[in-house]
Amino acid sequence: MNRIYRKSPFWSLAGPLLGYLAIEAVIQFALMFLIEMPYMVRAYAEILRDNSGTALSMQEIWDSYMQALEPALEAIAKYQVGIISLAALGTIILTGILFARDRKLERQAGVKLPDKAPLSKYWTVVVFGVAGCIAATCLMAMIQLAFYDAQYQQNAQITYSAGLLVEIIGLGLITPVAEELMFRGILYKRFHERQSFWYSAVWSALLFSFVHSSTTQMIYTFLLGVLLSYLYEKFGSLRAPVLLHILLNTGSVIFTELGVFRWLAGNPMRMAGAVIMGAFICSVMFVLVQKMPGSVRTERASDDSERPNMFR
């Protein structure tokens with residue numbers, strides 16, 4: 001049984017999530033402001049120079065500013081991946097501290113944790129990540145042909161507009177680590193202190209999906225979130241979901257830059273075959289993971305008499 005007691009279970013979940021989102025928002029705002037500042041100063045100087053001695057209305061000043069700030073907005077779009085990555089990096093300080101504190105509380109409370117899988121078992125995660133990356137990307141491309149998602153297309157265009165190194169470090173490494181610490185390392189584990197596996201996995205995955213903007217991404221990240229929670233429980237370590245998340249993101253970046261997806265998209269049969277073969281390989285890897293020693297704890301961590309009110 002998990003006997004960790006939290007004075008306010010609701011805020012033990014909401015507090016870290018709000019802190020995570022606030023840190024991201026503040027860092028993104030600060031970085032965008034720094035990018036905009038030179039353009040704002042230049043726009044103000046041009047307004048003073050071109051209209052010296054002439055009184056301007058607020059609308060005229062606003063129009064002049066917006067016209068002068070167009071290059072700033074283009075620069076923000078250009079560096080959007082870097083901005084998002086630095087914001088994610090900033091959250092690791094908070095989530096890293098909370099994650100380490102929670103693991104310490106588990107040890108002090110004598111919580112029985114799943115056995116950690118040996119590193120030799122992680123090859124299944126690697127194969128799953130590579131095959132899943134190809135299958136998922138091709139499937140989402142096919143979905144776009146049937147149900148066009150403008151927000152998804154815009155996000156994809158911004159994502160792949162940065163340099164390869166920035167994409168790999170930011171999207172392939174920093175972002176997966178930051179998200180896994182928050183949504184699996186903290187939220188899933190804290191849900192699972194008092195709730196069943198499925199309750200915890202579904203709710204943490206739902207919150208994970210809400211931080212993604214397009215409908216396509218939300219559906220994909222929800223399903224992915226449940227899978228990542230399962231891997232966390234099955235392997236007994238956060239390394240498993242982090243590794244899979246890194247492989248999915250990094251693989252998408254690298255295969256896109258190498259033109260793999262462009263080649264697959266050139267023939268509908270090739271793309272459909274990639275989806276079917278990737279799904280088959282992922283299914284085989286999932287069965288192998290299921291057969292690993294140990295089981296996912298699906299029951300509630302403690303009975304109702306010991307569990308404080310979730311929303312108290």
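Computation of the quantities below employed the complete heavy-atom set of this structure, encompassing side-chain atoms and omitting hydrogens, waters and symmetry-equivalent molecules. Owing to the predicted nature of the structure, the values given are computational and were not obtained by experimental measurement.
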Both conditions, 6.0 Å and 45 degrees, for the charged tip of R262 above the ring of F255: are they met here?
no
Would you kindly check if the NZ (Lys) or CZ (Arg) of R194 is within the cone defined by 45 degrees around the ring axis of F191 and under 6.0 Å from the six-membered ring centre?
no
Would you please indicate yes or no on a ring centroid separation below 6.0 angstrom for F197 and Y232?
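Centroid separation for Y232 and F197: 6.0 Å or greater.
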Counting distance only, does the side-chain N/O of [X] pair as donor-acceptor with the main-chain N or O of [Y] below 3.5 Å?
X    : Y    : answer
S209 : F222 : no
S252 : N249 : no
T137 : I134 : no
T221 : M218 : yes
K121 : M292 : no
H245 : L248 : no

Derivation and outcome, side chain to side chain donor-acceptor pair (under 3.5 Å), residues T216 and Q144:
CA-CA 9 Å; T216 304; Q144 289 302 300; 3.2 Å; yes
I'd like to know if D102 and R6 make a salt bridge, using a cut-off of under 4.0 Å between side-chain N and carboxylate O.
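Answer for the salt bridge query: yes.
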Check this for me: does any side-chain nitrogen of one of R190 and E193 sit under 4.0 Å from a carboxylate oxygen of the other?
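No, this pair does not count.
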Can you tell me if E70 and Y39 form a side-chain donor-acceptor pair at under 3.5 Å?
no
Inter-residue atom distance [X].[atom1] - [Y].[atom2], 0.5 Å rounding:
X    : Y    : atom1 : atom2 : answer
I174 : I168 : CD1   : CD1   : 12.0 Å
Y188 : E180 : OH    : CD    : 12.5 Å
L231 : Y122 : CG    : OH    : 9.5 Å

Are P114 and E233 side-chain neighbours, meaning at least one heavy-atom pair lies under 4.5 Å?
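Of all side-chain heavy-atom pairs linking E233 with P114, at least one is under 4.5 Å.
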